[in-house]
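So the structure is just underneath, and the comments pick up after that.
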Amino acid sequence: MSNPCPSFAVDLYSDESLLDPYPLYRQLRDLGGAVWLEKHKIFALARHQDVKRAMQDSKTFSSAQGVMLNQQMNDTLRGIVLCSDDPEHAILRRVISKPITPKAISAYSDLITGEAESLVARLVAKGTFDAATQLAQHLPVTIVSHLVGLPEEGRERMLDWAAANFQCFGPINARTLEAFVTVKEMVDYAFTQCTREKLRPDGWARLIWDAADRGEISLEKPPLMMNDYMGPSLDTTIFTIANAIYLFGRNPQQWTLLRAQPELMPRAINEVIRLESPLQGFSRVATRAVRIEDVVLPEGSRAVMLWGSANRDERKWSDPETFDITRNNTDHLGFGQGVHMCVGMHLAKMEIAAILGALLKRVSCFELGESKRVINNVMRGLSQLEVTVH
């Protein structure tokens, strides 16, 4: 590199780093606005101000060359909503978002709330359960996957596909290479099974084919765009629900506060996502030379936007590592920012609020037992969280 730039030699994507990334994020923030990751030969933006500005400037920080940290996955998913720029992005996003706008999902409110109430009543009656699987997975797997309308055959693999999909967003390492096998299975399923004839006629996925038939998108787009529903609709919501139980278990006074003031629910959900962002960050490519503080990112360079770091930036937040549901936290970056703001965030919030709302009525505190963290290149969550409710 010709421009002086602070560098960082630690592998952010080793097992050890992924299990506890926050001390490393602090080191990156202290080094500067843009830091060169020696191991991966890319820049990292770790401060809230820099990440937010970059994500809001999609003309300078492009998604069209993919947002992953390896070329194989960028080539595989180039042209989906996540990996495109306007004007194409706006067209694709309009198709994907049609069934999950705030107005559209209001039709599912009673269904989701009723299912959450029934689920929580059963689990609370047991006393002890796994919040990461028995609680957090239920709504996304049973309700949302049905609404997406994929063929019944293969739907049981959606959780595996979603996890592998995000695993492959990272750099090439042993985890990524292993996950590519599962991702190929997912892509094959999208191209062979997610056809007009096999999708549920009233499902969300069928709407993609309808848009192609109307000429709004090209006919080769629908199989590729199935990824926009198969991956993001599951793990991000599942991990946030489990993270919420973990944080409330570790901070019982916050659960007591939420029970007393349920109107704090929106802030509580935002605080969970701020403190334990289920997606830790995607990358972008600079379309021109761009200065961040004293460092110039050359045209064509790739930079990873570390949302998980930005959401704990002490330059932005007071006591950033404290879980505080009264915090004014609407400026967190856990749902992204700018034109690529998470298209399914309203549905995710509805599911999370339904689960927590049902628990508020029945649970005074959570006693945490054995837990296990997922080791994923871009996701942060729990694969196991034993909890006893009182």
Closest approach of [X] and [Y], non-hydrogen atoms and distance?
X: Ala354; Y: Ile112; result: CB-CG2, 3.9 Å
X: Arg302; Y: Gln65; result: NH2-O, 3.2 Å
X: Cys83; Y: Gly66; result: SG-CA, 3.9 Å
X: Val378; Y: Gly170; result: CG1-N, 4.3 Å
X: Asp85; Y: Ala64; result: OD2-CB, 3.4 Å
X: Tyr229; Y: Val95; result: OH-O, 4.2 Å

Show, in sequence, the C-alpha distance, side-chain angles and deciding distance for Phe166 and Leu279, and conclude whether the side chain to side chain contact (heavy atoms under 4.5 Å, CB included) test is met. CA-CA 9 Å; Phe166 283 118; Leu279 286 171; 3.6 Å; yes
Test your reading of the model: is there a side-chain donor-acceptor pair from [X] to the backbone of [Y], 3.5 Å cut-off?
X: Ser84; Y: Val81; result: yes
X: Asn74; Y: Asn70; result: yes
X: Arg373; Y: Gly381; result: yes
X: Asp86; Y: Ala90; result: yes
X: Thr192; Y: Asp188; result: yes
X: Trp255; Y: Ile245; result: no

Once rounded to the nearest 0.5 Å, what's the spacing between atom CG of Leu139 and atom CD of Glu115?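 These two atoms lie 6.5 Å from each other.
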Reported CD1-to-CD1 distance for the pair Ile96 and Ile91, which is rounded to 0.5 angstrom: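 So the gap between those two atoms works out to 13.5 Å.
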Does either side chain, that of [X] or that of [Y], offer a donor lying less than 3.5 Å from an acceptor on the other one?
X: Asn329; Y: His332; answer: no
X: Ser7; Y: Glu38; answer: yes
X: Asn173; Y: Thr176; answer: yes
X: Thr60; Y: Asp57; answer: yes
X: Asp324; Y: Thr326; answer: yes
X: Thr182; Y: Asp160; answer: no
X: Trp307; Y: Gln280; answer: no
X: Lys198; Y: Gln193; answer: yes
X: Thr330; Y: Asn270; answer: no
X: Ser17; Y: Ser14; answer: yes

A quick test of your reading: do over 12 heavy atoms of other residues, nucleotides or ligands sit less than 6.0 Å from [atom1] of [X]?
X: Arg250; atom1: CZ; result: no
X: Gln253; atom1: CD; result: yes
X: Asp110; atom1: CG; result: no
X: Glu263; atom1: CD; result: yes
X: Lys372; atom1: NZ; result: no

Do [X] and [Y] sit within salt-bridge range, that is, some charged N less than 4.0 Å from a carboxylate O?
X: Glu117; Y: Arg122; result: no
X: Arg274; Y: Glu271; result: yes
X: Arg214; Y: Asp210; result: no

What about Tyr246 and Phe366, are their ring centers closer than 6.0 Å?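 Ring-ring flag for Tyr246/Phe366: false, centres at least 6.0 Å apart.
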Test side chain to side chain contact (heavy atoms under 4.5 Å, CB included) applied to Arg315 - qualifying residues, sequence neighbours left out: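 Arg29, Asp30, Arg47, Asp313.
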Which of parallel (below 30°), tilted (30 to 60°) and perpendicular (above 60°) describes [X] and [Y]?
X: Trp317; Y: His48; answer: perpendicular
X: His89; Y: His340; answer: tilted
X: Phe43; Y: Trp36; answer: perpendicular

Side-chain cluster (under 4.5 Å, hydrophobic types only) that Leu37 belongs to, other residues: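 So far as hydrophobic clustering goes, Leu37 is joined with Phe8, Val10, Leu12, Tyr13, Leu18, Leu19, Tyr22, Leu24, Tyr25, Leu28, Leu31, Val35, Ile42, Leu69, Val304, Leu306, Ile375.
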Do [X] and [Y] have side-chain heavy atoms sitting under 4.5 Å apart?
X: Met186; Y: Phe191; result: no
X: Tyr189; Y: Pro223; result: no
X: Thr388; Y: His390; result: yes
X: Ser371; Y: Gln384; result: no
X: Leu247; Y: Phe323; result: yes
X: Val290; Y: Glu299; result: no
X: Phe239; Y: Thr236; result: no

Identified side-chain contact (heavy atoms from CB on, under 4.5 Å) partner of Leu135 from the options Val387, Leu359, Ile238: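 When Val387, Leu359, Ile238 are each tested with Leu135, the side-chain contact (heavy atoms from CB on, under 4.5 Å) holds only for Leu359.
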Among Leu150, Leu207, Ile208, side-chain contact (heavy atoms from CB on, under 4.5 Å) partner for Leu199: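 When Leu150, Leu207, Ile208 are each tested with Leu199, the side-chain contact (heavy atoms from CB on, under 4.5 Å) holds only for Leu150.
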With salt bridge (charged side-chain N to carboxylate O under 4.0 Å, His left out) as the criterion, how do Lys98 and Glu216 come out once you've worked through the C-alpha distance, each side chain's angles and the decisive distance to 0.1 Å? CA-CA 13 Å; Lys98 185 176 181 180; Glu216 296 173 19; over 6 Å; no
Would Arg93 and Glu88 satisfy salt bridge (charged side-chain N to carboxylate O under 4.0 Å, His left out), going step by step from the backbone distance to the final call? CA-CA 9 Å; Arg93 185 181 177 93; Glu88 180 186 35; over 6 Å; no
Evaluate side chain to side chain contact (heavy atoms under 4.5 Å, CB included) for Lys221 paired with Ile80, printing each intermediate quantity in order. CA-CA 8 Å; Lys221 284 288 187 184; Ile80 66 170; over 6 Å; no
Check against salt bridge (charged side-chain N to carboxylate O under 4.0 Å, His left out), Lys52 and Asp331: CA-CA 9 Å; Lys52 182 178 179 180; Asp331 206 22; 2.8 Å; yes
I'd like to know whether Arg175 forms a salt bridge (charged side-chain N to carboxylate O under 4.0 Å, His left out) with Asp15, so could you lay out the CA-CA distance, the side-chain angles of the two residues, the decisive distance to 0.1 Å, and finally the verdict. CA-CA 10 Å; Arg175 269 178 271 100; Asp15 288 2; 3.0 Å; yes
Arg312 vs Leu275, test: side chain to side chain contact (heavy atoms under 4.5 Å, CB included). Steps then yes/no. CA-CA 7 Å; Arg312 290 187 177 220; Leu275 196 62; 3.5 Å; yes
